[in-house]
Amino acid sequence: MAKIKAFKGVRPIPEKAIQVASRPYDVMNTAEARDEAKGNQYSFLNVVKPEISFPDGHDPYAEEIYQKGKENYQKMVDEGVLIQDQKDCLYLYRITAETHSQVGYVACAAIDDYFNNVIKKHELTRPDKEADRKKHVRVGMMNAEPVFFAYPNQKALDEIADKIVSQTPEYNFVAEDGVQHEFWVIEDETIITQIIQEFEKLPATYVADGHHRTAAAALVGKDLKEENPNHTGDEEYNYFLAVHFPDNQLQIIDYNRVVKDLNGLAPVDFVDKLKTKFVVEKKGREIFKPTELHTFGMYLGGNWYSLKAKPGTFDDADPIGVLDVTILSEQILKPVLGIFNLRTDKRIEFVGGGRGLGELEKRVDSGEMKVAFALFPVSMKQLIDIADSGKIMPPKVTWFEPKLRSGLVTHLLS
């Protein structure tokens, strides 16, 4: 069964919510985050990406970076911008982007569920990013950003949520990207108990977005448990912050790849090698966006190409073999480009579909990258099938939109 817990959240006073709330730490680089937070001392980017407080070129993993994030957070507490609820609460969070809306329960998840696989994973994490987030949690002694979970939709939880959203939210604002964010505080102990009991009926929850934050929070909790000779199991470090959305409300968009070189090949020879496994069609300057499984877009040398995987290059009967990220890895990245470990190889980077395929052109045209691949997105069913099977996707396969805003609530570990 899935275990969740109410907690005393630390969150902005209502009139400062829109000023505090920021995009997550991992959807932008340092320069973009610095520009976004410019002139806003209360932007939560000062907490989750504290390197923006330092000059360009400063080591983003230096000890003073993490300490600065903690200082920036404490400053907002000291100035009364962030306050802590006086009793354990759950929260409800609705995000609306154009015609799409999703409503999630904000609660603490149990680290034991992570280690016992009640919280199911579908991706491997990258060691450098995991270490970075672990240090951020440990120095700050808090979960500054929630992870994004999915759960099998339940009628009872939908009905409770419907009643809550009929009331006036604590926060209600439209961010600069046009996405609306609404947030309710659930204080009623009877309702909290009902929600917790409904979650206990679930066999599992699923990490949708935030594998690095999930792993970091669980590992920090484990360390603190081992360091505490008086550990009881009730300490806050046994739990971490998550927003739980019903799976039928979520949408996944593409998560694309850019590669720095062609592994010594000339472009024409590279394309010729691809023709053994793919039907290759040159599309010219117009962006080519895949519209079906097993078809890829490729941007190389100022031109777009369509790559359609030939029969025998994938296994539709296998939950991993059917994935386009698997086809790309097994038929192009490994044998042609010599990229064998997506977790550690510095020659490959990942670009979320929220940036659009124009971002792929930009990265290649600048000379920073040599080739880009656009993928058709995986489905929620594929994600859950893989997680339930105990198998693991390669890193950076799913990109969920719309994104959570950071800073609306944080969870202290002590």
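Nothing here was measured: the structure is a model prediction, and the numbers come from that model.
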**Q** Is a side-chain donor-acceptor pair under 3.5 Å present for Y237 with N228?
**A** yes
**Q** Please check if any side-chain donor atom of Q102 sits under 3.5 Å from a side-chain acceptor atom of H100, or the reverse.
**A**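 There is such a pair between these side chains.
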**Q** Of all heavy-atom pairs between N46 and Q41, which one has the smallest distance, and what is that distance?
**A** ND2-O, 3.3 Å
**Q** Examine the side chains of Y61 and D128 and answer whether a donor and an acceptor come within less than 3.5 Å of each other.
**A**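 Looking only at side-chain atoms, D128 and Y61 do not form any donor-acceptor pair under 3.5 Å.
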**Q** Between Q331 and T313, do the side chains contain a donor N or O and an acceptor N or O under 3.5 Å apart?
**A** no
**Q** Between D177 and R23 (salt bridge meaning N to carboxylate O under 4.0 Å), is one present in this structure?
**A** no
**Q** In plain terms, say whether R11 and E170 are close enough for a salt bridge, that is, a side-chain N and a carboxylate O under 4.0 Å apart.
**A** yes
**Q** Any chance the side chains of R213 and Y25 put a donor and an acceptor closer than 3.5 Å?
**A**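 Checked: R213/Y25 side chains show no N/O donor-acceptor pair below 3.5 Å.
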**Q** Distance alone, cut at 3.5 Å: any donor-acceptor contact between the side chains of Q382 and D385?
**A** no
**Q** Is it true that K5 and E236 have a side-chain N and a carboxylate O under 4.0 angstrom from each other?
**A**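 E236 and K5: salt-bridged.
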**Q** Under a plain distance cut-off of 3.5 Å, with no hydrogens placed, do D316 and H294 share a side-chain donor-acceptor pair?
**A** yes
**Q** Taking only Lys NZ, Arg NE, NH1 and NH2, and the carboxylate oxygens of Asp or Glu, determine whether K289 and D254 approach each other closer than 4.0 Å.
**A**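 Yes, K289 and D254 are salt-bridged.
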**Q** Do the side-chain N and O atoms of Y206 and K121 include a donor-acceptor pair separated by under 3.5 angstrom?
**A** no
**Q** Give me the atom names and distance for the closest heavy-atom approach of L412 to Y73.
**A**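 Between these two residues, the closest heavy atoms are CD2-OH, 3.7 Å.
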**Q** Answer yes or no: is there an ion pair linking K3 with E200, defined by an N-O contact shorter than 4.0 Å?
**A**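 Looking at K3 and E200, the cut-off is not met.
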**Q** So, Y93 versus H244: side-chain donor-acceptor pair below 3.5 Å or not?
**A** no
**Q** Say whether Y299 and R285, considering side chains only, have a donor N or O and an acceptor N or O under 3.5 Å apart.
**A**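 The criterion, which ignores hydrogens and geometry beyond distance, is satisfied for R285 and Y299.
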**Q** Going by atom types alone, do Y239 and N143 pair a side-chain donor with an acceptor below 3.5 Å?
**A**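 Side-chain D/A pair, Y239 to N143: absent.
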**Q** Have Q249 and N153 got a donor and an acceptor in their side chains that come within less than 3.5 Å?
**A** no
**Q** With a 3.5 Å cut-off and no angle check, do the side chains of W184 and E182 form a donor-acceptor pair?
**A**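 No, because no side-chain N or O of W184 sits under 3.5 Å from a partner of the opposite role on E182.
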**Q** Can R363 and E349 be counted as an ion pair, charged N to O under 4.0 angstrom?
**A** yes
